[in-house]
Student: 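Please read through the structure below; I'll follow up with questions.
Within every chain, numbering begins at 1; the chains are lettered A, B, ... in the order of the sequence lines, protein sequences first and strands thereafter. Just so you know, these numbers use all the heavy atoms, side chains as well, and skip hydrogens, waters and symmetry mates. None of these values were measured; they are calculated from a predicted model.
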Protein chains: 2
Amino acid sequence: MAAADDNLCCVDSVPRGIDEDQAAVLSAVFSALADPVRLQIYACIAATEEICSCNLEVPVGKSQPTISHHTAKLASAGLIVGERRGRWMWWRVVPGMAEASLHAIRAFAPSP
Amino acid sequence: MAAADDNLCCVDSVPRGIDEDQAAVLSAVFSALADPVRLQIYACIAATEEICSCNLEVPVGKSQPTISHHTAKLASAGLIVGERRGRWMWWRVVPGMAEASLHAIRAFAPSP
DNA sequence: TGTATTCATTGATGATTGTCAATACAATTG
DNA sequence: CAATTGTATTGACAATCATCAATGAATACA
């Protein structure tokens, strides 16, 4: 019974995929991009040199606490950085962060 | 009163960011990558030519229904495609899908 | 035809999340 | 110092999600 290794699709050594810790870090980056509102915020920031928080409320159509919550999540993921100048908070995109995260997924994958 | 446009950080024309519909589509792609388990699955698939579902349960350490649920979400986002051959479901990565989604965010952003 | 196997679906549950009103904090201005 | 303005935090709530046990559907094999 069973123990037949002929009609199995399975190989002996299964690929390990990503390290569990690294998967958690990477998922945080993509989680930050997984929300339509945050995507609009990120695109707004990427489309400008830098932009302050008050300029984000109108184009994305959300309340100020919501904007603050989303920018904090983008910043926590390392996708943007903020600098406080006076009363205003200015946001810039961290160049290459998103691309590096994508690249990390297939670090060991054979190139196409 | 007010109407003082001197001490405002705001510009008149706020960047529109991404189209709302496109943001929904893109967020679906990144939502698919926003889970550690799905990242491991995606990496496992990317690391092989193609792999069948039964080979995914062991490396990610989840139950069969959970694996099926995750592969369905990755496929729904267009990141992988599945082909049924006999009893087995074989998965392949759709090349360039993730990169294209990233690129779409800054379609109109100035290059660095 | 019947049995075993692989994958998909359903139902249920605990956890996470997006949102806003209210409030607190910080910094400029009078 | 007091008032004003931009931002962050808290609390609460509805919605979504990840997970698994149980079940169903489809295919291969005897």
Side-chain angles (χ1 to χ4, degrees), chain A residues 1-11 14 20 23-24 27-28 30-42 45 50-58 60-77 80-91, chain B residues 1-11 14 20 23-24 27-28 30-42 45 50-58 60-77 80-91:
Chain A
M1 45 290 305
D5 38 8
D6 270 353
N7 55 351
L8 290 180
C9 73
C10 302
V11 290
V14 283
E20 202 163 330
S27 71
F30 295 115
S31 293
L33 296 173
D35 181 81
V37 172
R38 277 195 297 272
L39 271 184
Q40 293 194 26
I41 291 177
Y42 185 76
I45 301 175
E50 59 184 0
I51 194 173
C52 93
S53 288
C54 61
N55 269 333
L56 293 170
E57 298 180 28
V58 169
V60 308
K62 295 294 173 186
S63 70
Q64 178 270 321
T66 299
I67 299 290
S68 178
H69 165 71
H70 285 316
T71 50
K73 192 154 190 176
L74 285 167
S76 166
I80 63 175
V81 284
E83 179 190 352
R84 184 165 209 132
R85 289 207 291 273
R87 282 190 290 229
W88 294 287
M89 193 68 177
W90 294 88
W91 297 103
Chain B
M1 305 347 84
D5 39 6
D6 270 355
N7 55 352
L8 291 178
C9 74
C10 302
V11 290
V14 285
E20 202 164 327
S27 71
F30 295 115
S31 292
L33 296 173
D35 182 82
V37 173
R38 278 195 297 271
L39 270 184
Q40 293 194 27
I41 292 177
Y42 184 76
I45 302 176
E50 58 183 3
I51 193 172
C52 91
S53 288
C54 61
N55 269 333
L56 293 169
E57 298 179 28
V58 169
V60 308
K62 296 294 173 186
S63 70
Q64 179 270 321
T66 299
I67 300 288
S68 178
H69 165 71
H70 285 315
T71 50
K73 191 155 190 175
L74 285 167
S76 164
I80 63 174
V81 283
E83 180 189 352
R84 183 160 210 134
R85 287 206 292 273
R87 282 189 291 225
W88 295 287
M89 192 70 177
W90 293 89
W91 298 102

Student: Please report, rounded to the nearest Å, how far the P atom of D:dA8 is from the CD1 atom of A:Ile67.
Tutor: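 It is 11 Å, rounded to the nearest whole Å.
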Student: Using whole Å, what does the distance between atom P of nucleotide D:dT10 and atom CD of A:Gln64 come to?
Tutor: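 Between P of D:dT10 and CD of A:Gln64: 14 Å.
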Student: Please pick, from D:dC17, D:dC20, C:dC20, the nucleotide with the shortest atom-to-atom distance to any side-chain atom of A:Lys62.
Tutor: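 Nearest listed nucleotide: C:dC20.
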Student: Round to a whole Å and report the spacing from CH2 of A:Trp88 to P of C:dA27.
Tutor: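 These atoms are roughly 13 Å apart.
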Student: Among A:Asp35, A:Ile80, A:Val81, find the residue that satisfies the side chain to side chain contact (heavy atoms under 4.5 Å, CB included) test when tested with A:Leu74.
Tutor: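 Exactly one pass, corresponding to A:Ile80.
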Student: Mind checking B:Arg85 for me? I need base, sugar-phosphate or nothing, with any heavy atom below 4.0 Å counting as a touch.
Tutor: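 It contacts nothing in the nucleic acid.
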Student: Which nucleotide sits closest to the side chain of A:Trp91: C:dA8, D:dA8, C:dT6?
Tutor: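 Closest of the options to the side chain of A:Trp91: D:dA8.
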Student: What nucleotide among D:dA8, C:dT5, D:dT19 has an atom nearest to a side-chain atom of B:Arg87?
Tutor: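 Of the candidates, C:dT5 comes closest.
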Student: Quick one: does any side-chain atom of B:Ser27 pair with a main-chain N or O of B:Ala23 as donor and acceptor, under 3.5 Å?
Tutor: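 Yes; at least one donor-acceptor contact below 3.5 Å.
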Student: If the cut-off is 4.0 Å, is B:Ser63 near the phosphate of D:dT19, judged by side-chain N/O to OP1 or OP2?
Tutor: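 So the side-chain polar atoms of B:Ser63 never come under 4.0 Å of the phosphate oxygens OP1 or OP2 of D:dT19.
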Student: Looking for any heavy atom pair under 4.0 Å, which part of the strands does A:Ser68 touch: base, sugar-phosphate only, or nothing?
Tutor: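 Base, at least one base atom sits under 4.0 Å.
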Student: Nearest whole Å is fine: how far is D:dC17 C1' from A:Phe30 CZ?
Tutor: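 Rounded to the whole Å, the gap is 19 Å.
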Student: For B:His70, report the nucleic acid contact type (base, sugar-phosphate, nothing); a contact means any heavy atom under 4.0 Å.
Tutor: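 Sugar-phosphate, backbone atoms only, no base.
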Student: Considering non-hydrogen atoms only, spot the tightest contact between A:Cys52 and A:Trp90 and give its length.
Tutor: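 Nearest heavy atoms, A:Cys52 then A:Trp90: N-CE3, 3.6 Å.
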Student: Could you walk me through whether B:Gln40 and B:Lys62 pass the side chain to side chain contact (heavy atoms under 4.5 Å, CB included) test, one step at a time?
Tutor: CA-CA 11 Å; B:Gln40 293 194 27; B:Lys62 296 294 173 186; over 6 Å; no
Student: Nearest to the A:Pro65 side chain among C:dC7, D:dT9, D:dT7, which nucleotide is it?
Tutor: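 The nucleotide sitting nearest to the side chain is D:dT9.
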Student: Return the value, rounded to whole Å, for the distance between atom NZ of B:Lys73 and atom P of C:dA8.
Tutor: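 Computing the B:Lys73:NZ to C:dA8:P distance gives 16 Å.
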Student: Are any of B:His69's side-chain N or O atoms less than 4.0 Å away from OP1 or OP2 of C:dA8?
Tutor: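 Result: no.
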Student: Given that B:Gly86 and B:Thr66 both sit by DNA chain D, which one's nearest nucleotide is further toward the 5' end?
Tutor: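 Result of the comparison: B:Thr66.
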Student: Shortest non-hydrogen contact from B:Ala75 to B:Trp91?
Tutor: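 Taking every non-hydrogen atom into account, CB-CZ3, 3.9 Å.
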Student: Quickly work out the B:Arg84 CZ to C:dA8 P distance and round it to whole Å.
Tutor: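 So the two atoms are 6 Å apart, to the nearest Å.
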Student: Please state whether the phosphate of D:dA18, meaning OP1 or OP2, lies under 4.0 angstrom from any side-chain nitrogen or oxygen of B:Arg38.
Tutor: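 Answer yes for this pair, as a side-chain N or O of B:Arg38 is under 4.0 Å from OP1 or OP2.
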Student: So what does A:Ser53 hit on the nucleic acid, given a heavy-atom distance under 4.0 Å: a base, only sugar-phosphate, or nothing?
Tutor: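 Answer is sugar-phosphate: A:Ser53 comes under 4.0 Å of backbone atoms only.
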